[in-house]
Amino acid sequence: MTPEQLSQHLVDALSALADEGVLQLADGVPDQVRVERPKAREHGDYATNVAMQITKSAGRPPREIAQLLADRLLRVADVAAVDVAGPGFLNITVDAAAQGVLAGDVLAAGADYGNNESLAGQRINVEFISANPTGPLHVGHTRWAALGDALARLLSAAGADVAREFYINDRGAQMDRFGASLVAAAAGHPVPDDGYHGGYVTELAARIASEQPELADLPPDEQLAAYREEGYRLQLAEQQRELEHFRTHFDVWYSERTLHADDRVKHGIEQLRRQRHLYEADGALWMRTTDFGDDKDRVLVRSNGEYTYFASDTAYYVDKRERGFDRCIYMLGADHHGYVRRLLAMAACAGDDPDKTIDVLIGQLVKVLRGGEELRLSKRAGTILGLGELVDITGVDALRYTLCRYPADSSMTIDVDAVTRQSSDNPVYYVQYAHARLSAIIRGATDLGIAVPAGNGDYDPAVLDHPREGDLLRALAELPRAVQQAASMREPHRVARYLEATAATFHKFYDECRVLPMGDEEVTELHRARLALVGATRVVLANGLGLLGVTAPERM
RNA sequence: GCGCUCGUAGCUCAGCUGGAUAGAGCAGUGGACUUCUAAUCCACCGGUCGCAGGUUCGAGUCCUGCCGGGCGCACCA
């Protein structure tokens, strides 16, 4: 029995009590009852506080309601025991056999286990990183790469139709500064103060100069444009190469320039105009974002006739909506959080309900520790630790996992030495090691000629009555909930935490429960059932790691 | 000044969207491998959840005010 089924039994019990008039619920029967896994063993396999939740609605003391529910629940065949405890908790123990069938369910579902339909029918646009093509991707971008990609995988697993999108900020003054920096570096001159410094500028300039020596003869403005464009092309290609290597694939690379070239900015503004939140003042075109909570109105078209950056963003949003996305997820760095309010106000000005169409995730910046010291990272000073370099040091799996382990809005310090270390202080190896151990058992079974059960009917679920087996089964049963919850809360780190807890549960099981027959031992039902459990656990860990874009090794 | 955000063990961080005695890992101490991977397991040590009020059966979690760190407040991008 899964927690979902148990939850349904509780709802059924409540409806029955209400129908019979035993309980009068002022607020009606809740459509969902949350069951949780208690921390303390003596609190049973599952627990719920529903009796306390509805005490007001029912106008009866919680313990009394709990007792009514307990009596009702005991009639369910798969429920072995129910206790009323404390102020009104319901502690439920599930029948071993009913729990044991889960292994078969997991084996039968295979790679699909954990997926759900909670977001079915939704089209979601996930935009992340969106860096300037004027330099390498740094640690902050890397965090978004790992987190954004994991989130996209999660949303897909929850049934949504997801597009991953990278907005290329390839327009504006910073591109010219980039071009000027390259020209200066190529000529051996010092880079302008407001330009880009870093060693990569020198390398890039030298490469362009040697590949296209004829550029030196161009007039200054043409030369700047040529360097700018070539630098753009090469830098973007580099970003794309590094991200693919980091297993972060984008479905759409969206250039800000094309937004202007195709008159989509103009179109976007026309769409806004219909909603009547635009006005002209001081020769500029404004959006009345204060209508929806912004502290001041925002300019779309400056008095000199040029579009603002905000105009691009507005048009981009309109474009996303016109391309059919129900929801747009923005992943922004903490240094952009001041932007959120106007973003939401803008969507409201466009006639949308921002609560329904926009999710903004704010990511705190990442500190990097190496050799016990904090690295001071600055693009201007050129002291950048790039995605590429970081991956070279730590490997893709360790880096992705480490960055996915923490909620986006918590500041984190990443200790390069710890991520690199291949030991237990690195949780990614803890989880991967569990998968490798499981794989080793299955290899052993194959060597002994014992088939791994493919589903229910291939083993006896009732023999899985050891406490460690029950713990493991209940852990496996949590995956769908973990996925659903992580997806709806947009919090990939929950998957990582779930994996660590499940790996720990497995390791404890492994420590106490022998799976394969020893020596000349006969193959028993217990061996077969445990093998089913092992196979199911491997499926769960592999699926979970897959959601984070981390590999599940057969051997370590 | 206004706004956003964070404050949990010595360190890095969780805490299931208000529940039972606040949890992991690392660091420290001590144990467990002649048979499925010891990258593992077990035990001990470690806390006024920044402070003070409030909401209620119940608050690390919600509200208010302070204190402290980070960030943002352009017809820049």
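Naming: A, B, ... by sequence-line order, numbering from 1 per chain.
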Give one of base, sugar-phosphate or nothing for [X], where a contact means two heavy atoms less than 4.0 Å apart.
| X | answer |
| --- | --- |
| A/Arg171 | sugar-phosphate |
| A/Glu42 | base |
| A/Arg497 | sugar-phosphate |
| A/Arg341 | sugar-phosphate |
| A/Glu554 | base |
| A/Ala482 | nothing |
| A/Asn91 | base |
| A/Arg405 | nothing |
| A/Gly444 | nothing |
| A/Gln364 | sugar-phosphate |

Does a side-chain N or O of [X] approach OP1 or OP2 of [N] to a distance below 4.0 Å, or not?
| X | N | value |
| --- | --- | --- |
| A/His336 | B/rU5 | no |
| A/Lys508 | B/rU40 | no |
| A/Arg342 | B/rC73 | no |
| A/Lys39 | B/rA20 | yes |
| A/Tyr46 | B/rC16 | no |
| A/Arg177 | B/rA77 | no |
| A/Tyr309 | B/rC75 | no |

Starting at atom [atom1] of [X], determine the distance to atom [atom2] of [N], rounded to an integer number of angstrom.
| X | N | atom1 | atom2 | value |
| --- | --- | --- | --- | --- |
| A/Tyr429 | B/rA38 | OH | C1' | 18 Å |
| A/Leu344 | B/rC4 | CG | P | 13 Å |
| A/Asp83 | B/rA20 | CG | P | 18 Å |
| A/Arg37 | B/rC16 | CZ | P | 15 Å |

Counterpart residues, side-chain contact (heavy atoms from CB on, under 4.5 Å), relative to A/Asp31 (two or more places apart):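 With sequence neighbours excluded, A/Asp31 shows a side-chain contact (heavy atoms from CB on, under 4.5 Å) to no residue whatsoever.
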What's the closest nucleotide to the side chain of [X] if the choices are [options]?
| X | options | answer |
| --- | --- | --- |
| A/Asp335 | B/rC71, B/rG19, B/rC41 | B/rC71 |
| A/Asp282 | B/rA14, B/rC75, B/rC41 | B/rC75 |
| A/Thr308 | B/rC75, B/rC41, B/rA38 | B/rC75 |
| A/His493 | B/rA14, B/rA38, B/rA20 | B/rA14 |
| A/Ala85 | B/rC75, B/rG15, B/rA20 | B/rA20 |
| A/Tyr406 | B/rA74, B/rC41, B/rA14 | B/rA14 |
| A/Tyr433 | B/rG19, B/rC75, B/rA39 | B/rA39 |
| A/Tyr339 | B/rC13, B/rA77, B/rC75 | B/rA77 |
| A/Pro87 | B/rC16, B/rC36, B/rG19 | B/rG19 |

Chi-based syn or anti call at B/rU61, which uses purine or pyrimidine torsion atoms and a 90° bound: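 The base of B/rU61 is oriented anti (glycosidic angle more than 90° from 0).
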Salt bridge (charged side-chain N to carboxylate O under 4.0 Å, His left out) between A/Arg474 and A/Asp45, intermediate numbers included: CA-CA 8 Å; A/Arg474 284 188 292 281; A/Asp45 295 336; 3.1 Å; yes
Determine whether a donor-acceptor pair (N or O, by modelled atom type, separation under 3.5 Å) exists between the side chain of [X] and the backbone of [Y].
| X | Y | result |
| --- | --- | --- |
| A/Ser439 | A/His435 | yes |
| A/Gln174 | A/Asn169 | yes |
| A/Gln432 | A/Thr551 | yes |
| A/Arg37 | A/Lys39 | no |
| A/Thr258 | A/Ala261 | no |
| A/Asn116 | A/Ser118 | yes |

Between the base of [N] and the side chain of [X], is there any donor-acceptor pair under 3.5 Å?
| X | N | result |
| --- | --- | --- |
| A/His337 | B/rG3 | yes |
| A/Ser410 | B/rC13 | no |
| A/Asp176 | B/rA77 | no |

By centroid distance (under 5.5 Å) and plane angle (under 30°), are [X] and [N] in a stacked arrangement?
| X | N | answer |
| --- | --- | --- |
| A/His43 | B/rA20 | yes |
| A/Phe89 | B/rG19 | no |
| A/Tyr510 | B/rC36 | yes |

Pairwise 5' ranking along RNA chain B for A/Ala334 and A/Glu478, keeping only the more 5' one: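 Closer to the 5' end of RNA chain B: A/Glu478.
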Pairwise 5' ranking along RNA chain B for A/Ile441 and A/Pro407, keeping only the more 5' one: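 By nearest-heavy-atom nucleotide position, the 5'-most residue is A/Pro407.
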Range-with-range stems of RNA chain B (Watson-Crick or G-U pairs under 3.5 Å, three or more in a row):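 Stem segments, range with range: B:1-5 with B:69-73, B:10-13 with B:23-26, B:28-32 with B:40-44, B:50-54 with B:62-66.
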Using atom [atom1] of each nucleotide, how far apart are [N] and [M] to the nearest Å?
| N | M | atom1 | value |
| --- | --- | --- | --- |
| B/rU61 | B/rG18 | P | 11 Å |
| B/rG23 | B/rG47 | C1' | 11 Å |
| B/rU64 | B/rC2 | P | 15 Å |
| B/rC11 | B/rG50 | P | 14 Å |
| B/rG70 | B/rA9 | C1' | 23 Å |
| B/rA22 | B/rC16 | C1' | 14 Å |
| B/rC6 | B/rC51 | C1' | 16 Å |
| B/rG30 | B/rA20 | C1' | 32 Å |

Parallel, tilted or perpendicular: ring planes of A/Tyr339 versus A/Phe310, cut at 30 and 60 degrees: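 Perpendicular: the ring planes of A/Tyr339 and A/Phe310 meet at over 60°.
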Ring centres under 6.0 angstrom apart (A/His43, A/Phe89):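 No - the distance between ring centres of A/His43 and A/Phe89 does not fall below the 6.0 Å cut-off.
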Test ring pair (Phe, Tyr, Trp, His ring centres under 6.0 Å) applied to A/Tyr430 and A/His507, step by step: CA-CA 10 Å; A/Tyr430 184 80; A/His507 283 309; 4.9 Å; yes
Charged N-O contact under 4.0 Å between A/Asp471 and A/Arg468: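 The answer is yes: the pair qualifies as a salt bridge.
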